[in-house]
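Report on the following structure.
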Amino acid sequence: MSQQTTLAVVLPKFAQFVQQLPTVDDLANCDEETLHRLWAGLGYYARARNLKKGAEFIVNRLNGRFPQSYREWLQIPGCGDYTAAAIASICLNEKVPCIDGNVIRVVSRLLALQDVWNTAGRSRIQDYLTQVIPSDRPGDFNQAMMELGATICRKTKPRCDICPLQMQCLAYANNCIEICPPKKPRRVLVDTELFVLIFWHRQTDTLAIGERTDGFLAKTIGFPLTIAHQLSKLDRWQPLQLPGKFTHAIAHHRITGRICVIQLNSNDIDISMRQHLALSKTLHWMNRLDLSAKLLTALDRKAFQLFQNYTYSDSICEQLALNL
DNA sequence: CACCCGTGGTC
DNA sequence: TGACCAAGGGT
């Protein structure tokens with residue numbers, strides 16, 4: 001959960017998660033909706049699915065026995081260098097360093113390294129840590145390094161005045177803390193316009209959601225999504241765009257979300273249109289109350305909120321010509 | 001190696 | 001309001 005996610009956000013989710021799925025068997029056997037519901041608010045839903053795959057691997061391939069080394073943990077789906085090192089050092093007392101964003105910053109300053117955002121720099125950091133990590137309590141060492149980065153050797157306003165490593169820190173000695181490490185190069189933001197399709201069965205006031213097979217939020221259930229130049233293919237359904245919009249961000253995309261309401265008579269759409277919309281086989285129709293409990297992703301929730309704002313009463317609908 | 005991916009918090 | 005980013009991993 002803590003991969004690329006703030007711990008303060010993780011902690012309550014983690015408590016809920018392990019209460020609901022206390023054992024590796026529970027996780028391996030849970031259904032995907034439960035999994036995603038417990039993960040909602042954390043983003044990167046593929047991590048949740050990988051976590052479940054990891055549990056399945058342990059239950060089905062390893063007969064329920066957990067790996068007993070860094071190398072073996074690396075074989076587990078969703079478990080990469082960092083996580084394998086964290087588990088191996090903290091749980092198994094294996095002498096292998098954890099390298100996360102905090103540790104990269106600490107070592108970058110300690111050794112006055114600037115070239116840390118590529119393979120060579122990372123290798124240099126790993127070599128150094130492998131030299132200095134103690135055989136005694138390697139897990140505590142790793143957590144201490146991460147905690148030092150999180151609390152003292154911070155990205156902004158580091159507390160060098162109270163740092164226990166001040167006397168050994170080359171960046172401090174050379175007065176180059178500001179450029180160690182240099183800012184990580186980031187992708188330029190891209191403005192992306194996204195249309196959220198809300199299939200609406202007006203007579204029963206039910207809406208449709210489905211599993212998205214491609215694009216943003218793939219493999220999660222929610223409203224069909226599409227982009228502007230694909231919208232023309234929906235013309236025969238007379239899509240009606242609501243006046244409002246919402247904003248959302250996914251990775252380097254600055255998303256402007258717009259709602260297209262499509263009133264349907266039948267309960268399904270044909271296969272070519274399903275593929276066009278990157279939807280899997282089944283659409284799930286439900287009323288607004290059930291839907292509000294089913295929607296998981298922030299994007300779907302924002303879209304639904306906007307839809308509610310514009311369609312909460314017949315009079316509003318009529319003003320919007322939604323009573324076709 | 002480059003690129004993909006979600007969200008809530010923070011300044 | 002909005003840019004920035006966090007206990008990364010998969011492809």
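Each chain gets a letter, A, B and so on, in the order its sequence line appears, and its residues count up from 1. Nothing here was measured: the structure is a model prediction, and the numbers come from that model.
Legend: salt bridge (charged side-chain N to carboxylate O under 4.0 Å, His left out) pairs involving residues 25-47 of chain A, not counting sequence neighbours, sorted by first then second residue: A/E33-A/K294.
Here A/A298 lies in heavy-atom contact (under 4.0 Å) with sugar-phosphate atoms only. Using a 4.0 Å heavy-atom cutoff across all strands shown, A/H36 reaches no nucleic acid atom at all. When heavy atoms are screened at a 4.0 angstrom cut-off, A/N118 is found touching no nucleic acid atom at all. A/T297 comes within contact range of the sugar-phosphate backbone alone, with a heavy-atom separation under 4.0 Å but no base atom that close. Across all strands, A/T156 comes closer than 4.0 Å to no nucleic acid atom at all (heavy-atom distances). As judged by a 4.0 angstrom heavy-atom cut-off over every strand, A/C79 is placed among residues touching the sugar-phosphate backbone only. At the heavy-atom level, A/G43 lies under 4.0 Å from base atoms of the strands shown. Among the heavy atoms of the strands lying under 4.0 Å from A/A249 is at least one base atom, whether or not backbone atoms are also near.
Side-chain contact of A/E211 with A/T220: a donor-acceptor pair under 3.5 Å is absent, judged by distance alone. If you check the side chains of A/T206 and A/N287, you find no donor sitting under 3.5 Å from an acceptor. A donor-acceptor contact closer than 3.5 angstrom is absent between the side chains of A/N142 and A/Y82. Remark: the A/Q131 side chain and the A/D127 side chain contain no N/O donor-acceptor pair separated by less than 3.5 Å. Under the 3.5 Å distance criterion, with hydrogens and angles disregarded, a donor-acceptor pair is assigned to the side chains of A/T297 and A/D300. Inspection of the A/H248 and A/R254 side chains reveals no N or O donor paired with an N or O acceptor under 3.5 Å.
B/dG8 and C/dT1 are spaced 16 Å apart, taking the C1' atom of each and rounding to whole Å. Taking atom P in both C/dA7 and B/dC11, the straight-line distance is 14 Å, to the nearest Å. Spacing between C/dC4 and B/dG6 at atom C1', rounded to whole Å, works out to 15 Å. Here the separation of C/dC5 from B/dC5, taken at their C1' atoms, is 14 Å to the nearest Å.
Atom CE of A/M1 is separated from atom C1' of B/dG8 by 15 Å (rounded to the nearest Å). Distance A/L225 CG to B/dG6 P: 11 Å, rounded to the nearest Å. Look at CD1 on A/I255: it is 10 Å from P on B/dG6, rounded to the nearest Å. Rounded to whole Å, atom C1' of B/dT7 lies 12 Å from atom CD of A/Q4. A straight line from CZ of A/R301 to P of B/dG6 spans 17 Å, rounded to a whole angstrom. Summarising the geometry, the separation between NE2 on A/H253 and P on B/dG6 is reported as 10 Å, rounded to the nearest angstrom. Going from atom CG of A/N50 over to atom P of B/dG6 covers 11 Å, rounded to whole Å. Whole-Å rounding puts the A/W39 CH2 to B/dG8 C1' distance at 15 Å.
Chain A approaches DNA chain C within less than 4.0 angstrom (heavy atoms of the protein), and the contacting nucleotides run 5' to 3' from C/dA3 to C/dG10.
The residue among A/L189 and A/Y44 whose nearest nucleotide of DNA chain C lies closer to the 5′ end is A/L189. Between A/K155 and A/P77, it is A/K155 whose nearest contact on DNA chain C lies nearer the 5' terminus. When each of A/A218 and A/A120 is assigned the nucleotide of DNA chain B bearing its nearest heavy atom, the one mapping closer to the 5' terminus is A/A120.
A salt bridge is absent between A/R122 and A/D100; no separation between the charged side-chain nitrogens and carboxylate oxygens falls under 4.0 Å.
At B/dG6, none of the side-chain N or O atoms of A/H248 fall inside 4.0 Å of OP1 or OP2 (strictly under the cut-off).
By the ring pair (Phe, Tyr, Trp, His ring centres under 6.0 Å) test, A/H276 pairs with no residue at all, sequence neighbours left out.
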